[in-house]
Amino acid sequence: MRYTKTLIPTLKEDPTDAEVVSHKLMVRAGMIRQIARGIYDFLPLGWRVVRKVEQIVREEMDRAGAQEILMPAVCPAELWQESGRWEHYGRELLRIKDRHDREFCFGPTHEEVVTDLVRRDVRSYRDLPINLYQIQTKFRDEVRPRFGLMRGRELLMKDAYSFHVDADDCHREYQLMADTYRRIFRRCGLDTRQVESDTGAIGGRRAHEFQVLADSGEDAIVSCTQCEYAANVEKAEIGRADSDVLPAAPAATLKKIRTPGKRSVEDVAAFLSEPPERFVKTLLFTTSEGETMAALVRGDHELSDVKLRNALGVAWVQLAEASVVEASTGAEIGFAGPLQWKRPVRVLADHAVRGITGGVIGANETDHHFVGFDQQRDLGDLAFADLRLARAGDRCPRCENGAFDSHRGIEVGNIFYLGTKYSTAMKAMFLDADGREKPMEMGCYGIGVTRTAAAAVEQYNDANGILWPMPIAPAHVQIVPVKWADERMRTAAEDLYGKLQGAGIEAILDDRDERPGVKFKDADLLGVPLRVTVGGKGRGRGVYEREQRDQAEASDLPVGDAVDQLKKIVAAGLAH
RNA sequence: CGGGGUGUGGCGCAGUCUGGUAGCGCGCCUGCUUUGGGAGCAGGAUGCCGGAGGUUCAAAUCCUCUCACCCCGACCA
């Protein structure tokens with residue numbers, strides 16, 4: 001690539017609408033431009049990165065025996081109605097109508113379409129297993145797109161779907177995909193963790209996420225310090241920790257006290273000079289079944305709505321509206337408690353609430369709380385479940401002495417065991433060896449290709465710009481002739497450029513007639529892993545200067561040996 | 001959807017309170033000088049001040065409506 005023939009509109013200043021580093025740097029490096037909220041143009045260098053990620057994904061999926069196909073982006077409503085998701089998927093589904101007023105959606109995921117494809121053309125156990133994947137533009141009408149490519153509405157995604165004769169074979173494939181994902185992200189140069197996760201809107205029974213560790217990540221994950229267990233905090237099981245059991249408080253009677261205007265645990269704790277862990281938070285939820293229920297968690301804990309939803313066995317829960325809270329408690333929001341309901345409400349408590357004494361709870365009366373709450377004495381028939389978010393320091397559920405560390409993560413991939421959810425709903429059946437008809441077992445596996453590119457920038461950047469890992473860099477080498485007007489430098493740079501191309505090394509030749517400082521700054525910003533400076537300094541000694549973007553020091557690169565040396569470094573970077 | 005904020009040359013911003021010739025820095029174009037970490041001088045181009053309506057002799061500025069984008073929350077493969 002010649003710099004002057006390539007659209008690389010770099011910016012000196014951070015764009016004002018960008019918050020996270022990947023967004024800022026990819027815009028500044030002239031790789032992406034926003035065109036609407038959550039929707040981006042990819043410019044030549046940005047697109048090269050995306051295509052490299054895509055190619056790594058493709059190679060590894062092919063190696064695992066999956067077959068690439070392409071399904072339509074625009075999908076008919078009928079298929080989604082058949083699975084029930086036309087109603088249930090919600091407003092993330094971009095719905096459109098054609099000129100005949102027929103309903104379609106822009107596909108956010110393709111379980112329905114692929115299941116339809118397979119049910120029509122796969123009939124026998126002899127045709128199974130099969131794993132079909134595509135790399136395609138998806139559209140998800142996110143409530144709040146943000147952080148550039150990290151949460152866009154239009155995104156490039158690899159989605160794979162596998163079909164099997166039984167659950168065992170599906171689990172084998174699930175494991176194969178997990179291994180494949182580890183290879184893919186390692187080849188991309190990314191440090192990822194595989195964590196247990198909830199199955200969410202996709203449905204199904206078992207799921208893992210692949211998270212790139214980064215402070216800017218939107219997901220919170222915990223991992224055991226002693227064993228392999230790691231999970232999203234909303235899902236992570238919590239070991240029966242002794243630390244959750246509070247020492248008994250001095251005996252006290254239940255007493256109603258005035259707490260005017262003190263609604264949050266923080267406020268009331270400060271007002272009463274009681275520690276938050278002596279509080280029991282009462283949160284009212286409306287479920288997908290239309291029930292109003294209350295969940296109790298300790299004041300210093302946070303509720304996981306995922307765990308609550310799973311404990312109740314419902315499709316979704318959401319915090320109850322103010323009017324519902326007031327109807328159930330007879331009080332304004334902020335004073336709900338598990339005693340003296342105005343209207344009976346089912347109550348489910350987190351394990352850490354068990355046996356609490358000397359507790360503080362809302363009184364179901366505006367501006368009042370109870371102190372001296374004793375769970376056994378005052379609310380003996382309580383039902384318990386694991387409802388809270390895991391956090392650092394919690395005991396590991398899988399090993400003796402482990403405890404959790406916490407991290408932030410960017411979810412770049414996920415794998416789901418679906419069971420027969422879609423095959424049953426959509427009648428994707430096959431005949432087994434005994435001639436019996438059975439629903440296929442399914443798994444699905446996604447990778448956010450554009451998000452992976454952004455996650456790489458989150459993981460590899462410094463004050464001057466991006467530091468691409470070699471395998472996904474927009475080019476391997478950037479050649480910077482210090483003075484383009486100088487014929488000897490120009491000739492030498494052109495010569496090296498030609499030889500690198502011949503050697504299969506991707507190079508950007510900065511053939512702009514710019515001052516050296518401009519070229520160096522732009523080179524740092526773009527983040528090409530290797531830079532060769534062709535200038536006056538080394539001319540007398542017959543050397544160029546070689547710099548690696550992730551190292552401070554430059555070193556000599558003998559002219560005659562340049563191509564071979566660069567080839568070796570590039571090869572090592574690609575093999576990493 | 002609730003709360004907060006911003007829309008002024010390609011980019012970053014001032015001007016709005018208190019109505020009166022639309023500005024600055026960077027970038028862009030021309031020329032000269034420069035040339036190893038975002039050069040200097042001189043000259044130049046680029047604005048329906050997000051849009052619509054209103055008030056006024058006069059609106060970037062005041063009023064009403066609207067659209068877009070950003071942040072926080074709810075939400076989310």
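The sequence lines fix the lettering, A, B, ..., with proteins before strands; numbering per chain opens at 1.
- At a cut-off of 3.5 angstrom, counting only N and O atoms as typed in the model, there is no donor on one side facing an acceptor on the other between the side-chain of A:Glu514 and the base of B:G38.
- Taking atom CZ on A:Arg309 and atom C1' on B:C76, their separation rounds to 11 Å, with Å as the unit.
- Contact annotation: A:Lys519 side-chain N/O to B:G37 OP1/OP2 distance is not under 4.0 Å.
- For A:Gln211 and B:C76, the CD to P distance is 16 Å, given to the nearest whole Å.
- Among the heavy atoms of the strands lying under 4.0 Å from A:Gly536 is at least one base atom, whether or not backbone atoms are also near.
- Nearest-nucleotide assignment on RNA chain B puts the 5′-proximal partner with A:Asp14, out of A:Asp14 and A:Leu525.
- Across all strands shown, B:A39 forms a Watson-Crick or G-U wobble pair, both distances under 3.5 Å, with B:U33.
- The distance from atom CZ of A:Arg33 to atom C1' of B:G10 is 10 Å, rounded to the nearest whole Å.
- Separation of the P atoms belonging to B:G10 and B:G50 is 13 Å when rounded to the nearest angstrom.
- Note on A:Leu155: a base of the nucleic acid sits closer than 4.0 angstrom, heavy atoms only.
- Evaluation of atom-type donor-acceptor distances gives a pair under 3.5 Å for the side chain of A:Asp524 against the base of B:G37.
- Taking the salt bridge (charged side-chain N to carboxylate O under 4.0 Å, His left out) definition, one finds that A:Arg91 meets it with nothing, sequence neighbours left out.
- Between B:G19 and B:G73, the distance separating the two P atoms is 40 Å to the nearest Å.
- Classification of A:Glu218 and A:Arg151 as a salt-bridged pair holds, one side-chain N sitting under 4.0 Å from a carboxylate O.
- Across every strand in view, B:G7 sits in a pair with B:C67 that passes the Watson-Crick or G-U test at under 3.5 angstrom.
- Using cut-offs of 30° and 60° on the angle between ring planes, the pair A:His171 and A:Tyr417 is tilted.
- Base contact: A:Asp522 has a heavy atom under 4.0 Å from a base atom.
- Residue A:Gly535 is in base contact, counting any heavy-atom pair closer than 4.0 Å across all strands shown.
- Sequence neighbours left out, not one pair with a member in residues 527-548 of chain A passes ring pair (Phe, Tyr, Trp, His ring centres under 6.0 Å).
- If you check the side chains of A:Ser197 and A:Asn232, you find no donor sitting under 3.5 Å from an acceptor.
- The side chain of A:Arg531 approaches B:G37 more closely than any other nucleotide in the set B:G37, B:U35, B:G38.
- B:C13 and B:G23 make up a base pair, with Watson-Crick or G-U wobble contacts both under 3.5 Å.
- Relative ring orientation between A:Tyr40 and A:His23 is described as perpendicular, the plane-to-plane angle rising above 60° on a 0-90° scale split at 30° and 60°.
- B:C62 is paired with B:G54 under the criterion used here, namely a Watson-Crick or G-U wobble arrangement in which both key atom distances are under 3.5 Å.
- Which of B:G38, B:G36, B:G12 sits closest to the side chain of A:Glu13 comes down to B:G12.
- Using modelled atom types, one side-chain atom of A:Asp462 and one backbone atom of A:Gly465 make a donor-acceptor pair closer than 3.5 Å.
- In this entry the distance linking NZ of A:Lys521 with P of B:G38 reads 7 Å, nearest Å.
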Would you give a per-nucleotide map of nucleotides 66-74 of chain B, 5' to 3', where B means the base has a protein non-hydrogen atom under 4.0 Å away, S means only the sugar-phosphate does, and - means neither?
---SSSBBB
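- Under the 3.5 Å distance criterion, the side-chain polar atoms of A:Arg549 are matched with a main-chain donor or acceptor of A:Asp524.
- B:G23 and B:U16 have their C1' atoms separated by 14 Å, given to the nearest Å.
- Look at the C1' atom in both B:C29 and B:G20: the space between them is 34 Å, to the nearest Å.
- Remark: the separation of the P atoms in B:C62 and B:A14 is 15 Å, to the nearest Å.
- With respect to the salt-bridge test (charged N to carboxylate O, under 4.0 angstrom), the residues A:Asp219 and A:Arg193 do not qualify.
- Here B:A45 sits opposite no nucleotide as a Watson-Crick or G-U wobble pair (both hydrogen-bonding atom distances under 3.5 Å).
- With distances taken from any side-chain atom of A:Leu11 to the nucleotides B:C11, B:G38, B:C75, the minimum falls on B:C11.
- Straight-line distance between the C1' atoms of B:A68 and B:A22: roughly 23 Å, to the nearest whole Å.
- Rounding to whole angstrom units, CG of residue A:Asp198 and P of B:C76 are separated by 10 Å.
- Only the P atoms considered, B:G40 is 24 Å distant from B:U46, to the nearest whole Å.
- Below the 3.5 angstrom threshold, one finds a donor paired with an acceptor across the side chain of A:Arg28 and the base of B:G38.
- Atom CZ of A:Arg512 and atom P of B:A39 are 12 Å apart (whole Å).
- Residue A:Glu142 contributes atom CD, which lies 16 Å from atom C1' of B:C1 at whole-angstrom precision.
- Nucleotide B:G2 forms a Watson-Crick or G-U wobble pair with B:C72, both donor-acceptor distances falling under 3.5 Å.
- Per the geometry, CD belonging to A:Glu547 stands 16 Å off P belonging to B:G36, to the nearest Å.
- You'll find that the side chain of A:Lys12 is closest to B:C26, out of B:G36, B:C26, B:A39.
- With P as the reference atom, B:C26 and B:C41 are 9 Å apart, rounded to whole Å.
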Step by step, work out the side chain to side chain donor-acceptor pair (under 3.5 Å) result for A:Glu111 and A:Thr109.
CA-CA 6 Å; A:Glu111 283 80 6; A:Thr109 176; 2.7 Å; yes
